[in-house]
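Here the structure is laid out as structure tokens; the discussion comes afterwards.
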Amino acid sequence: EPEVTQTPSHQVTQMGQEVILRCVPISNHLYFYWYRQILGQKVEFLVSFYNNEISEKSEIFDDQFSVERPDGSNFTLKIRSTKLEDSAMYFCASSADRGEYNEQFFGPGTRLTVL
Amino acid sequence: AQSVAQPEDQVNVAEGNPLTVKCTYSVSGNPYLFWYVQYPNRGLQFLLKYITGDNLVKGSYGFEAEFNKSQTSFHLKKPSALVSDSALYFCAVRDAKAGNMLTFGGGTRLMVKP
């Protein structure tokens, strides 16, 4: 069964450093998403991406964040200058279509720890 | 704005007994409702969804959920729990008119004891 994959599984970084989280969505999917879950809190939407541009973003997704689909398979989330409060589990997801019958398929997550 | 509430942090049930995990939602338009399950060190796995039609939807692993519009609820149910059902369960909603983002509840940990 096709799966969304994410690398690395755990990333430790120093405050102020840039990090790139990588995702490989399911191959025939067209919509891509990033969500995050701070420890003990809800899963929160960050951004959705379609046709090489952002289609929606939340208030969390400020100028420190960016997303890119650098090639036909990868989807990345970049945090330019990490803060302590960016420590969270980051989930990538993809869906086949924006239509009403889609469901989003999630990867296993990358745990980001900012020291 | 859309929101989801899962009032129970944890549900305990004995193996073989029926289980219910509660979820209520709030959206301004028509709701698309989803249940996901998370096992340790795994991503969120899709279980089932309600889009339209029959209020009782069936999903993976014998789970089902009932959409109740008047009570704005979408409780997850299973007639006979298994120990292997023990996991973290998330309810999510998407407003049909408000884009593709999912709004999640806080999650309910299901513990099934032998």
Side-chain angles (χ1 to χ4, degrees), chain A residues 1-10 21 23-26 29-51 54-61 88-111, chain B residues 1-7 9-10 23 25-27 29-53 57-61 63 65 67 74 87-109:
Chain A
E1 185 175 333
E3 290 183 330
V4 176
T5 60
Q6 291 184 243
T7 54
S9 56
H10 192 189
L21 309 183
C23 168
V24 178
I26 294 173
H29 283 187
L30 301 177
Y31 287 84
F32 315 111
Y33 314 86
W34 284 100
Y35 290 80
R36 78 172 186 190
Q37 184 180 30
I38 295 171
L39 188 64
Q41 299 186 23
K42 293 184 178 184
V43 176
E44 302 172 289
F45 170 79
L46 292 178
V47 65
S48 63
F49 190 85
Y50 170 70
N51 200 26
I54 290 172
S55 48
E56 295 173 82
K57 61 181 181 178
S58 70
E59 293 176 354
I60 303 167
F61 194 87
M89 181 72 89
Y90 288 80
F91 293 105
C92 174
S94 67
S95 63
D97 188 85
R98 188 189 183 280
E100 60 184 11
Y101 297 109
N102 83 74
E103 55 264 22
Q104 296 174 24
F105 292 85
F106 285 76
T110 292
R111 182 169 298 285
Chain B
Q2 53 197 52
S3 65
V4 177
Q6 293 181 243
D9 290 336
Q10 182 161 316
C23 170
Y25 67 89
S26 174
V27 296
N30 290 323
Y32 296 156
L33 293 153
F34 304 83
W35 275 101
Y36 286 85
V37 60
Q38 186 179 33
Y39 296 100
N41 301 315
R42 301 290 299 274
L44 300 166
Q45 292 179 240
F46 169 76
L47 273 181
L48 52 77
K49 65 184 177 186
Y50 171 81
I51 303 297
T52 187
V57 293
K58 295 186 184 296
S60 307
Y61 312 120
F63 284 93
F67 171 64
F74 189 56
L88 193 54
Y89 290 81
F90 291 94
C91 181
V93 69
R94 186 186 141 216
D95 189 327
K97 294 183 178 179
N100 226 16
M101 61 174 277
L102 292 177
T103 297
F104 284 85
T108 298
R109 185 164 301 281

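Because only heavy atoms are used, hydrogens play no part in the values below, and waters and symmetry mates are left out as well, while side chains stay in.
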Next on the checklist: Run B:Y36 and A:F91 through ring pair (Phe, Tyr, Trp, His ring centres under 6.0 Å) and show every step you take.
Outcome noted: CA-CA 13 Å; B:Y36 286 85; A:F91 293 105; over 10 Å; no
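Scanning for side chain to side chain contact (heavy atoms under 4.5 Å, CB included) contacts around B:L88 gives B:Q38, B:F90, B:R109, with sequence neighbours left out.
Classification of the B:F74-B:W35 ring pair by plane angle, with boundaries at 30° and 60°, yields parallel.
Residue A:Y50 holds its OH atom at 10.0 Å from CZ of A:F32, rounded to the nearest 0.5 Å.
For residues 34-45 of chain A, heavy-atom neighbours of chain B at less than 4.5 Å comprise A:Y35, A:Q37, A:K42, A:V43, A:F45, sorted by residue number.
Taking 4.5 Å as the limit, some side-chain heavy atom of B:P31 sits within range of a side-chain heavy atom of B:F67.
The main-chain N or O of B:C91 is found under 3.5 Å from a side-chain atom of B:Q6 such that the two form a donor-acceptor pair.
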